[in-house]
Trainee: 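I have a structure here, written as structure tokens, and I will follow up with some questions on it.
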Amino acid sequence: VFKFTDAVASGDAPSALRQLGRLLDEGGAPLRILALLDRLVGQLRIAKDAQASGKKDSSLPSLLGAPPSAARAIGDRARRLNRDFLRRAVAALADTDRLLKSTRLPHQVVMEGLVLELARGPGGWTRDLSSTHNRRITARTPMVISGPARGHALMRTNADPARERVLGTFANCSAAK
């Protein structure tokens, strides 16, 4: 549980999503996980208010009801967040609560949406230029055909009579990667 809330608090969306999946796989109730996130956002708001009023960081453990190391991490995260983001976080928590109780969407999908919203922070998303998933697919990108289409007669082109490669893709899932 702490790895999950730490990942959300630090803005580490990939880790937060992995931890959420683990919690749900272990039978964690989505509403209970939502309560943990609600507490975290509440602590971030308290820390932000304390910082704005000039209180010292040493007062955070008692204000937050958290150990000093956790209070320090929450205080650091609160310093990087603006009040508008915290207001949006509270609204996102309320929306998620409503969706969990009233929609047929899978609870994991609803919770993942909330985690992504909370973990992205006030500055929005940034690109990871070193990621293997960071690539541009164009109509001229060489692609290997896989699955049942590989080798099918309809996949034959002048450039590849073996029906195993094509150039590019347009308006689809970017070769399922």
Trainee: Of the non-hydrogen atoms in Leu100 and His107, which two are nearest, and what is the gap between them?
Mentor: O-NE2, 3.2 Å
Trainee: Tell me the closest heavy-atom pair linking Ala47 and Leu64, and the distance in Å.
Mentor: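 The answer is N-CD2, 4.1 Å.
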Trainee: Output all residues satisfying side-chain hydrogen bond (donor to acceptor under 3.5 Å, both in side chains) with Asp12, sequence neighbours left out; order by chain, then residue number.
Mentor: none
Trainee: Taking atom OG1 of Thr5 and atom CG of Leu20, what is their separation to the nearest 0.5 Å?
Mentor: 12.0 Å
Trainee: Might you point out which heavy atoms bring Phe4 and Ile33 nearest each other, and give the distance in Å?
Mentor: CE2-CG2, 3.5 Å
Trainee: For residues Leu34 and Met111, report the shortest heavy-atom separation together with the two atoms involved.
Mentor: N-CE, 3.9 Å
Trainee: Suppose we screen for side chain to side chain contact (heavy atoms under 4.5 Å, CB included). Which residues come up paired with Ala29, at least two apart in sequence or across chains?
Mentor: Arg32
Trainee: Go through the structure and list residues passing side-chain hydrogen bond (donor to acceptor under 3.5 Å, both in side chains) with Arg98, not counting sequence neighbours.
Mentor: none
Trainee: May I have all residue pairs that pass side chain to side chain donor-acceptor pair (under 3.5 Å) and include part of residues 50-71, sequence neighbours excluded?
Mentor: Asp57-Arg79
Trainee: Applying side-chain contact (heavy atoms from CB on, under 4.5 Å) to Val166 and Met155, what does each step give before you reach the verdict?
Mentor: CA-CA 8 Å; Val166 294; Met155 300 306 290; 4.2 Å; yes
Trainee: CZ of Arg163: more than 12 outside heavy atoms within 6.0 angstrom?
Mentor: yes
Trainee: Within the 4.5 Å heavy-atom criterion, are Ile145 and Arg165 side-chain neighbours or not?
Mentor: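 No, their side chains stay 4.5 Å or more apart.
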Trainee: For residues 102-115, which residue pairs pass the salt bridge (charged side-chain N to carboxylate O under 4.0 Å, His left out) check, not counting sequence neighbours?
Mentor: none
Trainee: Among residues at least two apart in sequence or on other chains, which ones pass side chain to side chain contact (heavy atoms under 4.5 Å, CB included) with Pro68?
Mentor: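 If we apply the side chain to side chain contact (heavy atoms under 4.5 Å, CB included) test to Pro68, skipping adjacent residues, the hits are Pro61, Arg72.
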Trainee: Step by step, work out the side-chain contact (heavy atoms from CB on, under 4.5 Å) result for Leu93 and Val41.
Mentor: CA-CA 9 Å; Leu93 288 162; Val41 170; 3.8 Å; yes
Trainee: Work out which heavy atom in Gln108 is nearest to a heavy atom in Leu24; give both atom names and the distance.
Mentor: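 It is CG-CD1, 3.7 Å.
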Trainee: Do Pro106 and Val109 make a side-chain contact, defined as non-hydrogen atoms from C-beta onward lying under 4.5 Å apart?
Mentor: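 Sidechains of Val109 and Pro106: in contact.
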Trainee: Drop me the distance from Lys48's NZ to Gln43's CD, to the nearest 0.5 angstrom.
Mentor: 16.0 Å
Trainee: Residues in side chain to side chain contact (heavy atoms under 4.5 Å, CB included) with Leu99, at least two apart?
Mentor: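 If we apply the side chain to side chain contact (heavy atoms under 4.5 Å, CB included) test to Leu99, skipping adjacent residues, the hits are Thr103, Val110.
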Trainee: Side chain to side chain donor-acceptor pair (under 3.5 Å): which pairs involve residues 149-162, sequence neighbours left out?
Mentor: Arg150-Glu164
Trainee: Go through Lys101 and Asp97 one step at a time and tell me if the salt bridge (charged side-chain N to carboxylate O under 4.0 Å, His left out) criterion holds.
Mentor: CA-CA 6 Å; Lys101 294 174 180 175; Asp97 182 59; 3.1 Å; yes
Trainee: Determine, stepwise, if the pair Ile74 / Leu60 fulfils side-chain contact (heavy atoms from CB on, under 4.5 Å).
Mentor: CA-CA 9 Å; Ile74 290 167; Leu60 287 179; over 6 Å; no
Trainee: I'd like to check the side chain to side chain contact (heavy atoms under 4.5 Å, CB included) partners of Ala73; sequence neighbours left out, ordered by chain and number.
Mentor: none
Trainee: In sequence, state the C-alpha distance, the side-chain angles, and the governing distance for Leu86 and Asn82, and then conclude on side-chain contact (heavy atoms from CB on, under 4.5 Å).
Mentor: CA-CA 7 Å; Leu86 291 170; Asn82 59 45; over 6 Å; no
Trainee: Tell me, which pairs form a salt bridge (charged side-chain N to carboxylate O under 4.0 Å, His left out) where one or both residues lie in residues 33-44, sequence neighbours left out?
Mentor: none
Trainee: Test: side chain to side chain donor-acceptor pair (under 3.5 Å). Region: residues 21-31. Which pairs qualify, not counting sequence neighbours?
Mentor: Gln19-Arg22, Arg22-Glu26
Trainee: Apply salt bridge (Lys or Arg N to Asp or Glu O under 4.0 Å) to Asp49 and list each qualifying residue two or more places apart in sequence or on a separate chain.
Mentor: Arg83
Trainee: Working to the nearest 0.5 angstrom, can you tell me the gap between Thr96 OG1 and Leu37 CG?
Mentor: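 So the OG1 of Thr96 and the CG of Leu37 are separated by 8.5 Å.
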